[in-house]
Structure formats: structure tokens, C-alpha cells
Amino acid sequence: IMIPTTIALAPKVKLTEAQQRIVMLCAMDFVAWCSLWTFVDRETGVVNKLTPLWQGQRKLAATMQRDPWVMGLKARKLGFTELASAYDGWILRFRPNSRVHLFSQGQDAAYGLAERVRYGLVHLPEWMQLPEDGSKDKIVLHGGKDDTRVAQAYPSTLSGGIDQTATHTHLDELAKMIDPDAVWQAAEPSVAPGGSCHIITVGRGPNNLTARLWRGALSKDNRFTPVFAPWDSRPGRDVGWHESESRHHTQEAMRHEYPATWEDALAGTADYPFKEHYMDACAVGAIGETAVQPGHYYVKGWDIGLVRDAAVGVVADVTLKPYQVIHYERWRGMPAPYIQRQIEMVHSHYPGPTWVEKNGIGLAIIQNLTIPIEGFNTSQISKQSAISALQILVEQGNWKHHGVQHAQLDSEMRGYQWDDRDLTQDSVIAAAIVASAISETDIPQLVPNASGMSPLVESRSGLATPIW
């Protein structure tokens with residue numbers, strides 16, 4: 001990094017000798033600059049100083065000081081974005097007429113990245129600050145006559161090229177952007193000769209721009225210096241923390257979000273979320289179609305279809321773990337009033353909440369129901385979240401369904417892929433709605449009676465018998 005021999009100061013600011021030494025030290029040493037950087041901790045809302053740096057941050061900071069092009073591949077929540085934001089501010093503060101480009105996922109994220117940089121700059125000691133103005137997406141520092149420094153934030157949804165040259169470019173969470181390739185095609189040519197570029201990102205699979213850039217950095221086929229930080233690169237993350245976190249995520253999600261190696265970081269999630277050995281275990285101890293038990297609590301989920309898709313209802317007994325699928329029905333080509341009647345009968349028969357998909361025809365059915373229900377809005381995000389919730393239950397051994405009585409559900413789950421276009425998935429979605437509901441439901445405990453466990457109630461009057 002080229003350091004100017006004259007340090008710009010705000011008008012009428014006169015430094016003491018001690019302050020002069022600090023300014024010159026910060027201009028030459030990025031880590032020293034970090035000791036003055038203030039940020040708001042996004043996890044706690046507490047205002048903190050950036051130093052002392054965590055283990056992973058120290059490695060990244062040293063590389064940033066030494067090499068202009070740096071790619072940081074990381075586990076989640078290691079403070080890399082805050083460190084990169086401090087670097088953005090360092091360039092602005094000490095490089096005359098500098099221009100910094102900030103790229104993030106969407107407009108709000110881009111504004112947020114700019115605000116991180118602005119917050120750190122305006123909370124420097126007053127004698128270190130430069131006059132600042134700008135807008136949500138732009139920071140402008142005034143270093144004196146003919147010295148204007150700008151940081152411009154760009155969302156990942158930008159179209160076309162960038163007509164300004166950047167002294168420094170910061171791409172945050174490149175792998176999570178909607179179209180990383182388009183962003184990179186716009187960003188890379190805008191970096192000035194002798195400029196710097198930082199990519200800070202998690203991985204997202206082995207066959208994408210992030211993976212290609214990372215492997216190119218490892219093989220020295222591009223300008224980036226690679227820096228990988230595993231999950232334990234911050235204080236408090238020991239084996240006990242990892243085991244605790246594992247209880248709330250699938251094994252694949254832990255490998256992806258909290259990787260131990262860069263290979264793990266780029267592994268992404270596999271195409272098939274429900275692995276064979278876990279699916280085999282679902283049938284072990286499954287009780288299958290079972291009558292209602294007094295004092296037990298049930299969660300019901302419905303995926304709605306009329307003609308092309310089937311309507312599927314799944315009932316799970318969630319009183320005790322493992323949760324048991326004790327009723328399943330699947331109908332194709334049935335009119336909406338018939339499906340409404342089935343939903344109402346199943347709801348009245350099994351105590352507990354009923355969740356119904358409310359997209360498309362599901363909304364019309366919900367509006368005509370005479371029972372209280374919860375609507376499940378099937379968006380891409382909510383669908384993936386629900387599938388992940390089901391995946392966690394399966395992997396933890398807390399989901400049981402009968403291999404023969406629930407063969408359609410079992411078959412659909414075994415064949416389900418994240419890219420689920422052209423797949424039969426009605427049963428999977430109904431089960432995933434149940435799994436999602438379980439995570440949001442206050443499940444009461446089983447109430448024992450004098451004989452120990454509540455006796456079975458054999459009657460199932462009023463329920464139609466579906467064709468399996």
C-alpha cells in the first residue's frame with residue numbers, strides 16, 4: 001500500500017506530537033488502524049473496538065497489509081466483513097482521491113455495508129476524522145483542496161458495467177449474490193492498475209465462481225492470495241460449542257456453514273438431502289397407522305393439489321420423541337370441497353394444530369374452512385427451510401414413518417433433490433410443513449393416567465380411507 005508523505009487533516013485540527021505519531025503509525029500499519037476502529041456487533045448490538053483481533057482476523061489482516069488482492073473463504077460469523085470494512089475505511093482515510101467500491105447482495109445489504117464503513121469513520125477520534133457527507137449508498141470524505149474520497153455501494157442486482165475506476169474493491173458474500181458472475185464481470189475491470197480487491201465470502205458448492213476463484217488462487221492462476229478461516233477461528237468456539245451447534249443443524253449444513261477445511265467450505269449441500277442410511281433408520285421403530293391416544297398431541301400438515309398435483313395430509317404424533325407419522329393420506333383429482341372436508345375431519349380427530357399450504361388453490365380452500373388453521377406460505381426460502389427442518393429430524397432419528405404403509409412418502413423423500421423441478425414431491429412438502437410446524441409449536445407434554453400411559457382410543461369414525 002502506498003502511503004502519502006503528507007497526512008490530510010480536518011480544517012483547524014492541530015495534532016500533538018503523540019497524536020502525530022499515532023496518525024503516522026495508523027497510516028503505515030493496518031492493524032494499528034484497527035485499534036481505533038469502532039463497530040456495532042451485529043449479534044449483540046453492543047458497540048465494540050475491533051481489537052484485539054480474533055485468530056482468523058489476525059491472519060486476514062496480515063495478508064491484507066501485505067497483498068493487494070485477497071480472497072477470504074470462511075466459516076460463518078468470524079468478523080471478516082467488519083475487518084474488511086475497516087480496510088475500506090483505511091484506504092479512504094489515508095489515500096488521496098481514493099475511490100472504494102462496495103458490493104453486497106441486495107440494496108439493503110449494500111446500504112448496510114456502506115453504513116459499517118461510515119460508522120467506523122465518524123467514530124474515530126475527532127483529530128483523526130475528515131469532514132464527511134454523502135448518502136445511504138455513498139460516503140464522501142474531504143481531504144482538502146482537490147482531494148475528494150468516495151466509497152460507493154453497489155447491490156448485486158446492478159445491471160451493466162461500472163464507469164468509475166476503483167482504488168479498492170470489496171465484494172462481500174460473493175457466493176450468496178444472485179448472479180455472482182455478472183457482478184464479477186462488472187467489478188473486476190473497474191479495479192485500477194495497482195489497486196486492491198478483497199472478496200469475503202462463505203462457500204456455496206464446488207461448481208461456481210467462488211470455487212473457481214478460490215482454486216485459481218491456490219494454484220496461483222489469478223491475482224488473489226487465499227486465506228481460509230475454519231469454524232474455530234474465534235474465541236469460544238471449542239468442541240463443546242461445535243457439538244451444541246450440531247444439534248440445531250444437519251451434518252451437511254454444519255460442514256457447509258462451519259467448515260473445518262476449505263474443501264468443506266466448498267462442498268455445499270448435497271443434491272439429495274435425505275440420505276439412504278438415515279431413511280432406512282426412519283422405518284426402525286415406526287408404529288405406522290395408529291389410533292388416537294388421549295393426552296397425546298398431533299401436528300398436521302397439508303400440501304394442496306387438485307389436478308396435476310396430489311393433495312397430501314400427514315399427521316405426526318409429537319408427544320414424545322421420536323416423532324411418529326401415524327396417519328397419511330394422498331388424493332389426486334379430488335374436488336376442493338372434498339379436500340376441505342378431509343382437512344376438517346382430520347383436524348377434529350387429532351388434537352393439535354393444522355397447517356395448510358396457502359399458495360394458489362390452497363388459499364381458496366383455507367378461506368372456506370370452518371376450523372382454525374395455520375397457513376404455510378410456500379416460497380423458495382420457506383420451502384428450503386422446511387425441508388431442512390425435516391432433514392434435521394431425520395438425521396437426528398426423531399422422524400419415523402412406516403416403510404410399507406407410508407411407502408409413497410418414503411419413496412418421495414428418498415428421491416427428493418434440492419433442484420426439485422419435475423419431481424413428485426407432494427408428500428415431502430406435507431411432511432416438511434409438519435417439521436416446520438414442530439419447530440414453531442409449543443408442544444405439551446404427555447399427561448399420564450393411573451395406568452401409566454394414556455390408553456388407545458380405537459374409534460376413527462368419520463375418516464375416509466384413502467388409497468395408498
Would you say [X] has more than 12 foreign heavy atoms packed within less than 6.0 Å of its [atom1]?
| X | atom1 | answer |
| --- | --- | --- |
| Asp422 | CG | no |
| Glu43 | CD | yes |
| Lys138 | NZ | no |
| Leu25 | CG | yes |

Lys/Arg-Asp/Glu bridge criterion (N-O < 4.0 Å) met for Glu82, Arg234: no

Carboxylate-amine/guanidinium proximity below 4.0 Å for Arg223 and Glu188: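 Salt bridge present between Arg223 and Glu188.
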
Indicate yes or no: at least one non-hydrogen side-chain atom of [X] is less than 4.5 angstrom from one of [Y].
| X | Y | answer |
| --- | --- | --- |
| Tyr111 | Asp137 | yes |
| Thr210 | Pro180 | no |
| Gln20 | Trp127 | no |
| Asn222 | Arg212 | no |
| Leu36 | Thr51 | no |
| Gln57 | Leu50 | yes |
| Leu73 | Pro226 | no |
| Phe274 | Gln391 | yes |

Taking every non-hydrogen atom, the tightest pair across [X] and [Y]:
| X | Y | answer |
| --- | --- | --- |
| Val202 | Glu173 | N-OE1, 3.2 Å |
| Arg149 | Leu130 | NH1-CD1, 3.8 Å |
| Val191 | Ser196 | CG1-O, 3.8 Å |
| Ala186 | Ile162 | O-CD1, 3.8 Å |
| Ile304 | Glu357 | N-OE1, 3.1 Å |

Distance check, rounded to the nearest 0.5 Å: [X] atom [atom1] versus [Y] atom [atom2]?
| X | Y | atom1 | atom2 | answer |
| --- | --- | --- | --- | --- |
| Lys77 | Tyr258 | NZ | OH | 5.5 Å |
| Ile199 | Trp214 | CD1 | CH2 | 11.0 Å |
| Met28 | Phe94 | CE | CZ | 10.0 Å |
| Ser85 | Arg118 | OG | CZ | 12.5 Å |
| Leu320 | Asn398 | CG | CG | 11.0 Å |
| Cys34 | Met64 | SG | CE | 9.0 Å |

Residues which pass side-chain hydrogen bond (donor to acceptor under 3.5 Å, both in side chains) with Asp410, listed by chain and number, not counting sequence neighbours: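 If we apply the side-chain hydrogen bond (donor to acceptor under 3.5 Å, both in side chains) test to Asp410, skipping adjacent residues, the hits are His401, Arg414.
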
Counterpart residues, side-chain hydrogen bond (donor to acceptor under 3.5 Å, both in side chains), relative to Thr424 (two or more places apart):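 Thr424 satisfies side-chain hydrogen bond (donor to acceptor under 3.5 Å, both in side chains) with no residue once adjacent residues are dropped.
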
Distance flag, aromatic centroids of Trp399 and Tyr323, threshold under 6.0 Å: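 So the answer is no for these two rings.
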
is_close_aromatic(His101, Tyr154), centroid dist under 6.0 Å: yes

Geometric class of the Trp241/Trp231 ring pair [parallel <30°, tilted 30-60°, perpendicular >60°]: parallel

Side-chain donor/acceptor of Ser388 to backbone N/O of Gln384, under 3.5 Å: yes

Option passing ring-ring contact (aromatic ring centres under 6.0 Å, His included) with His198 (candidates Trp69, Tyr87, Phe30): Tyr87

Ile387/Asp420 under side chain to side chain contact (heavy atoms under 4.5 Å, CB included): CA gap, chis, key distance, verdict: CA-CA 11 Å; Ile387 295 293; Asp420 57 9; over 6 Å; no

